[in-house]
Amino acid sequence: MTVRVGVIGAGWIGKEHIRRLTDTVTGARVTAVTDIDAARAAEAAAPVGAQALPDGATLISSPEVDAVLVTSWGPTHAEHVLNAIAAGKPVFCEKPLATSAEDCLRIIEAETALGRRLVQVGFMRRYDVGYRRMKQVIDSGRIGEPLIVHCAHRNPTVPEAYTSSMAALDTAVHEVDVLRWLLDDEIVSTQVVTPRATSKRFAHLKDPQIMLFETAKGVRIDLEVFVNCQYGYDIQCETVGEEGLVRLPDPATVGLRSAGQHSTEVLTDWVGRFADAFDTEFREWIAGIAAGVEPTGPSAWDGYAATVITGATVEALESGRVVATDLKPRPAFYGGAA
């Protein structure tokens, strides 16, 4: 079958996913687009022969839409996801699932009441080849029980509108999700320390930041978030176990020998680094819908956990204290204890 997808939000990421669903992913067709800017919706819809609809509710209820993709402004996500659940339609929501824990819990309650999973959250790192291979190694027991994880998330620069809290809410949120998945463990506390600030930042920004997490099993995680590193987009992750370690590989690239130097390219943005992961993420989502199975990717519970943990990390930054995450018990519906 061809899965007919309606897209809510026609900004840059929405247009990129429309292109992906049209040109890269088989078995999908974008049939409807909406955006707060009607002209932008029409511009995104026209090249793929989709309808431009006036709002999210109209799009979700359309008989021409089998599944919903939410790429709108973060504070609108909860409304659209809840409407999709009410309509019984699969919904892929780019992060965040919602901007408050309360709205995340409303989504969890609605999906649990329905009795089947419809929601998938857009944490694409779980679909990256390197991270998947790391998880295979960890799950196999080849390095023994994990003890420590070292991570870095570096961007060359960020715009002036980027704030210190966004280091957790927009940047580290990807590590928060992928580390919970890699370790099959929950983050129970968070702390932020700020070393000497880079002179390359805007004056209002605390950069770099070092985030320290502890998991329920006692694993310690240190994450360097440095969003004005200048040299490129650099994602690092190393898990140290009792009997060995596993490290995320750098992106494959050629080695250049010239003028007395040996060099390799460093990527400059997240688009190039995770393009293949985005493609795999959407291929698997569409294939699951076509097969009539529930999504297996990041769940509404994962979206809730990410929102709570990053919110606690912002509190830790602002207070200087170690902050407990205080997550609710995971429901059995999402694999928690019965």
Just how far is it from atom CD of Glu79 to atom CD1 of Ile60, taken to the nearest 0.5 Å? 8.0 Å
Out of Leu69, Thr76, Thr34, which residue meets the side chain to side chain contact (heavy atoms under 4.5 Å, CB included) rule with Ile8? Thr34
In terms of hydrophobic clustering (I, L, V, M, F, W, Y; side-chain heavy atoms under 4.5 Å; direct or indirect links), are Val65 and Val3 co-clustered? no
Trp301 reachable from Val91 in the ILVMFWY side-chain graph, under 4.5 Å edges: no
Tightest non-hydrogen contact, residues Pro146 and Leu183, listed as CB-CD2, 3.8 Å
Out of the candidates Gln236, His150, Glu238, only one should pair with Arg247 under the side-chain hydrogen bond (donor to acceptor under 3.5 Å, both in side chains) rule; please name it. Glu238
Is a side-chain donor or acceptor of Thr71 paired with a backbone partner of Gly9 at a separation under 3.5 angstrom? yes
Should we count NZ of Lys328 as having more than 12 external heavy atoms under 6.0 Å? no
Using only atom types and a distance under 3.5 Å, with no angle test, would you say the side chain of Glu318 pairs donor to acceptor with the backbone of Ala316? no
For Leu267 versus Pro251, what's the shortest heavy-atom pair and its separation? CD1-CG, 3.8 Å
Partners of Glu109 by salt bridge (Lys or Arg N to Asp or Glu O under 4.0 Å), sequence neighbours excluded? none
Between Arg142 (side chain) and Val137 (backbone), is there a donor-acceptor pair under 3.5 Å? no
Work out which heavy atom in Ala98 is nearest to a heavy atom in Asp103; give both atom names and the distance. CB-CB, 3.6 Å
Who passes salt bridge (Lys or Arg N to Asp or Glu O under 4.0 Å) against Asp35, sequence neighbours left out? Arg40
Do the two ring centres, one from Phe92 and one from Phe282, sit under 6.0 Å apart? yes
Please work out which of the three classes, parallel, tilted or perpendicular, describes the rings of Tyr233 and Phe274, given edges at 30° and 60°. perpendicular
Going only through I, L, V, M, F, W and Y residues with side-chain contacts under 4.5 Å, is there a path from Ile107 to Leu118? yes
Distance in Å, Leu182 CG paired with Arg126 CZ, rounded so as to fall on 0.5 Å steps: 9.0 Å
Any carboxylate oxygen within less than 4.0 angstrom of a Lys/Arg side-chain nitrogen, looking at Glu16 and Arg20? yes
Walk me through whether Ile289 and Asp66 qualify under side-chain contact (heavy atoms from CB on, under 4.5 Å). CA-CA 9 Å; Ile289 295 170; Asp66 302 315; 5.5 Å; no
Where the side chain of His204 meets the backbone of Tyr162, is there a donor-acceptor pair that is under 3.5 Å apart? yes
So, Lys95 side chain and Val173 main chain: donor-acceptor pair closer than 3.5 Å or not? no
Whether Glu145 side chain and Glu242 backbone form a donor-acceptor pair below 3.5 Å: no
Could you walk me through whether Val323 and Thr313 pass the side-chain contact (heavy atoms from CB on, under 4.5 Å) check? CA-CA 7 Å; Val323 176; Thr313 305; over 6 Å; no
Closest contact, heavy atoms only, His77 versus Cys93: ND1-SG, 3.4 Å
Would a distance-only check, ignoring hydrogens and angles, find a side-chain to backbone donor-acceptor pair under 3.5 Å from Asp302 to Ser299? yes
Within the supplied structure, the quantity of interest is the number of heavy atoms (other residues, nucleotides, ligands) at a distance under 6.0 Å from Ile36 CD1; does it exceed 12? no
Classify the side-chain pair Arg154/Tyr231 by whether it contains a donor and acceptor separated by less than 3.5 Å. yes
Where Pro208 and Ala197 come nearest, the two heavy atoms and their spacing: CD-CA, 4.4 Å
Is any side-chain heavy atom of Tyr304 less than 4.5 Å from a side-chain heavy atom of Leu327? yes
Have a look at Arg273 and tell me which of Asp250, Asp234, Asp128 forms a salt bridge (Lys or Arg N to Asp or Glu O under 4.0 Å) with it. Asp128
Looking only at the aromatic ring of each residue, does the gap between the centers of Phe278 and Trp270 stay below 6.0 angstrom? yes
In Val188, Val219, Ile187, the residue satisfying side chain to side chain contact (heavy atoms under 4.5 Å, CB included) with Phe213 is Ile187
Decide yes or no on side-chain contact (heavy atoms from CB on, under 4.5 Å) for Glu175 and Ile235, but give the supporting numbers first. CA-CA 10 Å; Glu175 274 80 15; Ile235 302 299; 4.3 Å; yes
If hydrophobic clusters are built by linking Ile, Leu, Val, Met, Phe, Trp and Tyr wherever their side-chain heavy atoms come under 4.5 Å apart, do Val271 and Ile13 end up in the same one? yes
Using 0.5 Å steps for rounding, measure from the CE atom of Met211 to the CG atom of Leu223. 6.0 Å
Which distance, rounded to the nearest 0.5 Å, do you find between the CG of Leu205 and the OG of Ser165? 9.5 Å
Are Val5 and Met124 joined in one hydrophobic group, where the rule is that I, L, V, M, F, W and Y side chains link up if heavy atoms are under 4.5 Å apart? no
Keeping Ser164 on the side-chain end and Lys206 on the backbone end, is there a donor-acceptor pair under 3.5 Å? yes
Take Thr112 and Tyr334, measure what side-chain contact (heavy atoms from CB on, under 4.5 Å) needs, and give me the verdict at the end. CA-CA 9 Å; Thr112 303; Tyr334 298 102; 3.8 Å; yes
Above 12 or not: heavy atoms from other molecules or residues under 6.0 Å from CG of Asp184? no
Donor-acceptor contact below 3.5 Å, side chain Glu111 vs main chain Val119: yes
Does the side chain of Thr253 come under 3.5 Å of the side chain of Thr264 through a donor N or O and an acceptor N or O? no
Do Tyr131 and Trp181 have side-chain heavy atoms sitting under 4.5 Å apart? yes
To the nearest 0.5 angstrom, please state how far the CG atom of Leu256 sits from the CD atom of Gln261. 9.0 Å
Do Glu186 and Ile309 make a side-chain contact, defined as non-hydrogen atoms from C-beta onward lying under 4.5 Å apart? yes
May I have the step-by-step check of salt bridge (charged side-chain N to carboxylate O under 4.0 Å, His left out) for Asp177 and Arg125, ending in yes or no? CA-CA 8 Å; Asp177 178 74; Arg125 291 201 189 176; over 6 Å; no
Is a side-chain donor or acceptor of Arg132 paired with a backbone partner of Met134 at a separation under 3.5 angstrom? no
Which distance, rounded to the nearest 0.5 Å, do you find between the OG1 of Thr171 and the CZ of Phe226? 13.0 Å
Flag yes if more than 12 heavy atoms outside Asp37 fall under 6.0 Å of its CG atom; otherwise flag no. yes
All heavy atoms of Gly311 vs all of Leu169, minimum pair found to be N-CD2, 4.2 Å
